[in-house]
Number of protein chains: 2
Amino acid sequence: MTGTQREPLTRERLFAAAIAVADTGGIAALTIRSVAAELGVKPMSLYHHVANKEAIIDGIIDVVFGEIDLPPEDVGWRPALNHRAHSARAVLRRHPWATPFMESRSRPGPATLRHHDAVLATLRRGGFPIELAGHAYSLLDSYIYGFALEEAALPFTPQNLNQSMAGFMEQFPAEEYPHLVEFAVQRVLQPGYDYADEFDFGLELILDGLERRLPG
Amino acid sequence: MTGTQREPLTRERLFAAAIAVADTGGIAALTIRSVAAELGVKPMSLYHHVANKEAIIDGIIDVVFGEIDLPPEDVGWRPALNHRAHSARAVLRRHPWATPFMESRSRPGPATLRHHDAVLATLRRGGFPIELAGHAYSLLDSYIYGFALEEAALPFTPQNLNQSMAGFMEQFPAEEYPHLVEFAVQRVLQPGYDYADEFDFGLELILDGLERRLPG
DNA sequence: CCTTCCGGTCGTACTAAGTACGGCGTACTT
DNA sequence: AAGTACGCCGTACTTAGTACGACCGGAAGG
């Protein structure tokens, strides 16, 4: 059409555009039309590369899984799982819209399957009996996803914390929720507080507990 | 219109209908039109009771919070938190669509605030210094929500497990994911396996770890 | 070089959903 | 009996997913 040659559309470019849209505007902004616009293309063109919007979600979730580092194989199970947990959290922080979908795809992609396989391998190689490996995986991922969910939901960042907290606490009668107020004043509003720091406490507690439950 | 007198519409009836719709058809089925139909009323009638669809979500999430038992005050912190965790999980199992929204409301309702206040009270009364109370709350809720998210996402139930697993494993070349296959065959497909049982392992591990970190 | 064919893009249009605007009936007040 | 206010709804506009089939440009074959 114009003189500038257009990159040909591919599933990869489509998914990248979809992720860019979701990163910018949240999952609600992810529409067939917005992705098409991001790509400089008309909506119906996407349907030659994906079956429908569901397939786009499937695709971008697998891309997100691919961004998470696999547990390194050259260290013990504990540092390996620690590394993978921090990587997962960093990725979910970059793509906060993704968390609710990570485990909900009925057609997991190859990166997803490879990831799960590698984590199970780490556990088994680390000496976890199969049952304990299942417990450990469930616990770790529940924590990681749950934490990502909470972090994504926080209405404040360390920067705007004071303002949003003030507006927040005007909404309700403080006397009715004394412990909430105590926690806000004595903890959240103290200098240096950052919810992100909570992640390591839970992760280390969980890894401690798993180590303690390892046989032999 | 007809002879049968119609119940007057209220926010409470509206929220109850919305929850019924979501429980039946998932969050995607929750539309202004479907809620109106559930109530035997026309769509625009709802707008006399709520500002918009967001306000309906706000409302039903507060109702869901209200269904969760507060930690009982007449027992120690550990059984109290255990009780509240199981109650939360049971509620989120009943309303699986709710999990991603539980912490994402920028206008939490009274049941939500009361709930958070009561949990903090339990921790503080149990001897948790304020910082540890924050750690504990973040960890517990991350785990509970994360677990609920995973449980809601599982494509199988104990009943249909074998069939869905079989269909599932045909989708990919088994040799590429040996640990996934091992886990499926040696664990998930064994009689008596129920993902729901994983909840207690993690919860007890977390409560153990918290107890261990309590001062004095 | 021209024709044929095909993969990929797009125009049109239908359906579902959120919701703005204003009408209208019923029941209670005075 | 007339006014009034509240709550219900008819209509219609906008955005979104997507079915259907047309169109176009380059590759393949004569």
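Lettering follows sequence order; numbering is per chain, from 1.
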Side chain of V41(B) (C-beta onward), nearest among dC10(C), dG18(C), dC9(D): dC9(D)
Sidechain N-carboxylate O distance under 4.0 Å for E54(A), R107(A): no
Test log, rule salt bridge (Lys or Arg N to Asp or Glu O under 4.0 Å), inputs R124(B) and E182(A): CA-CA 10 Å; R124(B) 299 290 279 134; E182(A) 179 203 43; 2.9 Å; yes
Under the ring-ring contact (aromatic ring centres under 6.0 Å, His included) test, residues paired with F199(B) that sit two or more places apart: H86(B), Y143(B), F147(B)
Main-chain N/O of P43(A) paired with R33(A) side-chain donor or acceptor, under 3.5 Å: no
Within residues 14-25 of chain A, residues whose heavy atoms come under 4.0 Å of DNA chain C: none
All pairs passing salt bridge (charged side-chain N to carboxylate O under 4.0 Å, His left out) where residues 145-156 of chain B contributes a residue, at least two apart: R89(B)-E151(B), R93(B)-E151(B)
Spacing of M44(B) atom CE relative to dA12(D) atom P, expressed in whole Å: 14 Å
Contacting residues from residues 31-38 of chain A, given that a heavy atom lies under 4.0 angstrom of DNA chain D: T31(A), I32(A), R33(A)
Any K53(B) side-chain N or O less than 4.0 Å from OP1/OP2 of dA17(C): no
For D141(A), all residues meeting salt bridge (Lys or Arg N to Asp or Glu O under 4.0 Å), sequence neighbours excluded: R84(A)
Residues in side chain to side chain contact (heavy atoms under 4.5 Å, CB included) contact with E67(A), at least two apart in sequence or another chain: V63(A), V91(A), R94(A), H95(A)
Parallel, tilted or perpendicular, as decided by the 30° and 60° cut-offs, for the rings of F201(A) and H135(B): parallel
Any-strand Watson-Crick or G-U partner of dT30(C), both distances under 3.5 Å: dA1(D)
